[in-house]
Amino acid sequence: MPGKRIVCPYCFAKFNDEEVHFRMETVFEKEEDCDPDGLGRFLIDIEETGNRALLEEFKVRYRFLAKRDERYEKFWSVFGATTERASLSKDGRNAVAPYLRPVFDPGSKEHLRFFRGNAKENEDGLVVTVSDCFGKKTDRRVCPRCHNPLPGTYGKNQTKFISVIGITGAGKTVYLSQLCKHFKAFTANVGITSIPTSKGAMEFILSHPVEMGERLPEGSPPETLTQPIFYDLNLKKGDQIIKNTVVFYDIAGENCVDSEKMKHFGPFVEQSDGIMLLIDPVQFGSSDVYDGTAAPTAVLEAIYNRFANKKQDDVRNLPLAVCISKGDMIAKQITGSNMEEVQCVQDEQKHFLPVFNAMLYNGLQGMLKEFVDDNEAELRMHLINLFDNYNYFLFSAIGAPTEKIDAGGEEIDVPAAPPIPKRIQEPLFWIFHKFGYIGKNAEINSPEPPCAACAEQERQPKTLLERMSMMFKKEKGAKP
């Protein structure tokens, strides 16, 4: 049945699926293109003909002119400009910017004349396509409030939002590019089939290539909002196919500690169901600012404070993957050897199982925890006192040595060998486990297991009635 509840991945408005608006597949770029006879006449020319039927048809076509969208532009005005790119219509023509396409509401009486028939539904009752009055179908759904796109069948599945927050220098852009590039292979190794439902992942890879001998990609300006990256996840459990949707956001750490920028980027942090915080270990020991950029502890404080309007449990229980870059260097320091790649769990038939490999992870986790304890006391205490559901991870987004080359008089760093990322999927798998998507093959080490005194205190009776009951049992010689 229709009526699925949707949360916009841009403005986070909540609405039912039948309330979505649609960008039209039909679009006319210029006024003269609206002439029904194809003679290139303008409205004034059509009016002079005195042909009322022709004039009415022209006026309908005129409403399909490409034009600016006030709701859309209002949303993107705080980010400088939109990052959504032009796309062709279904017939391979009209490569106008998607946000310039006419938007109509199939539930509006005023807009009924621009549609043919009723909104269609997929097999689960989700409204996903409509036909315009020219007979063209469109599946370009947009949020009714901000008019940003809702790709694929977004809203059909349970959705989780994941923010990837990078401290400058931690390699967030390279990390995300490599994660998108290998995402389908990574998820297959935990028994999940992933399907990108927007062009965001491919556009991010193409805009930020990580290739041998090529300049490493630079991050986007901090004030820029990159298009969210959408994936549908499919996992077979028994006779059922469990489907979920994940949405990734690319957020610079500077946007978190700048109060003005946090007004705009804060909602993406606040709405997160999980966070990956990427940290460059050279920033260990820094205070609020390191080399002009945000320090890790300052970002953690900003994340915590952003949740201040929510219940405290929301932020304390938020899955927080603390991901430390330059993994090859750190691995040699703490293990004496090169960093090993993630090994996923298989059954006897070599089928990958939907589990987090805690047995392999725990060995590195213990040494990584000691490394943080020894080198970043402030970071450790922020995590202990502000968050409960966190863990440490080590990664190398390039996984290859770099070298400096001359590029037109400019010295740049490039990968000296084919980039092979290491362990970048491990924090993702841990978050998937926290979401309940996959299981685990052993208990996962916690960075700060409860101390004996805390555990004993937890066992003590809390209420007056409980304490009186305990005293009564002791007087009777009963075992408390």
Side-chain angles (χ1 to χ4, degrees), residues 1-10 12-17 20 121-128 139 141 143 148-164 176 179-180 182-202 204 227-250 268-276 314 317-321 342 344-345 351-357 389 391 424-441 444:
M1 294 177 61
K4 289 185 179 293
R5 199 68 174 159
I6 297 176
V7 178
C8 174
Y10 292 83
F12 302 105
K14 296 179 181 179
F15 49 90
N16 290 334
D17 69 285
V20 299
E121 304 167 6
N122 70 359
E123 65 276 8
D124 293 319
L126 186 76
V127 177
V128 291
D139 57 4
R141 299 180 305 146
C143 167
N148 274 291
L150 307 173
T153 56
Y154 178 84
K156 172 183 174 183
N157 309 322
Q158 183 187 61
T159 302
K160 297 288 189 182
F161 302 126
I162 301 174
S163 288
V164 182
L176 268 174
L179 185 67
C180 291
H182 300 281
F183 194 88
K184 292 195 285 187
F186 287 156
T187 56
N189 288 340
V190 286
I192 294 174
T193 295
S194 58
I195 302 171
T197 59
S198 71
K199 296 180 180 179
M202 182 55 66
F204 198 94
Q227 287 291 316
I229 299 168
F230 299 78
Y231 287 98
D232 279 352
L233 308 179
N234 298 268
L235 173 63
K236 187 173 184 180
K237 289 188 177 181
D239 295 330
Q240 282 189 311
I241 300 295
I242 308 300
K243 298 183 178 183
N244 293 284
T245 298
V246 290
V247 184
F248 292 90
Y249 299 105
D250 173 11
F268 300 101
V269 176
E270 185 178 331
Q271 295 294 330
S272 295
D273 298 290
I275 289 179
M276 296 182 187
D314 287 341
N317 294 324
L318 178 75
L320 172 63
V342 171
C344 293
V345 183
H351 296 150
F352 286 107
L353 300 178
V355 296
F356 178 80
N357 193 342
N389 197 11
N391 226 322
I424 67 172
Q425 70 273 46
E426 195 165 39
L428 176 69
F429 292 166
W430 178 77
I431 288 178
F432 279 2
H433 169 68
K434 293 295 181 177
F435 288 169
Y437 295 170
I438 63 176
K440 57 187 177 183
N441 64 351
I444 303 173

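Note that these values count all heavy atoms, side chains included, but never hydrogens, waters or copies made by symmetry.
Contact annotation: the side chain of Y437 never approaches that of P354 to less than 4.5 Å [non-hydrogen atoms, C-beta and beyond]. Inter-residue side-chain proximity for D139 and V128 is flagged as unmet; no heavy-atom pair is nearer than 4.5 Å. Residues Q425 and V190 fail the side-chain proximity criterion, which asks for heavy atoms closer than 4.5 Å. Here the side chains of L320 and I275 are in contact, with some heavy-atom distance below 4.5 Å. By the 4.5 Å heavy-atom criterion applied to side chains, C143 and Y10 are not counted as neighbours.
Rounding to the nearest 0.5 Å places CG of N234 at 10.0 Å from CD1 of I242.
In this structure Y231 satisfies the ring pair (Phe, Tyr, Trp, His ring centres under 6.0 Å) test together with F183, sequence neighbours excluded. In this structure F429 satisfies the ring pair (Phe, Tyr, Trp, His ring centres under 6.0 Å) test with no other residue, sequence neighbours excluded. Qualifying ring pair (Phe, Tyr, Trp, His ring centres under 6.0 Å) partners for F12, counting only residues two or more places apart in sequence or in other chains: F161, F268.
Across I424 and L179, no two heavy atoms sit closer than the pair CD1-N, 3.7 Å.
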*Under the side-chain contact (heavy atoms from CB on, under 4.5 Å) criterion, do L428 and M276 qualify, and how do the steps go?*
CA-CA 8 Å; L428 176 69; M276 296 182 187; 3.7 Å; yes

*Evaluation steps, side-chain contact (heavy atoms from CB on, under 4.5 Å), between T197 and Y154*: CA-CA 8 Å; T197 59; Y154 178 84; 6.0 Å; no

*Take T153 and K4, measure what side-chain contact (heavy atoms from CB on, under 4.5 Å) needs, and give me the verdict at the end.*
CA-CA 11 Å; T153 56; K4 289 185 179 293; over 6 Å; no

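Below 30°, between 30° and 60°, or above 60°: for F186 and H182 the angle between ring planes is between 30° and 60°, a tilted geometry.
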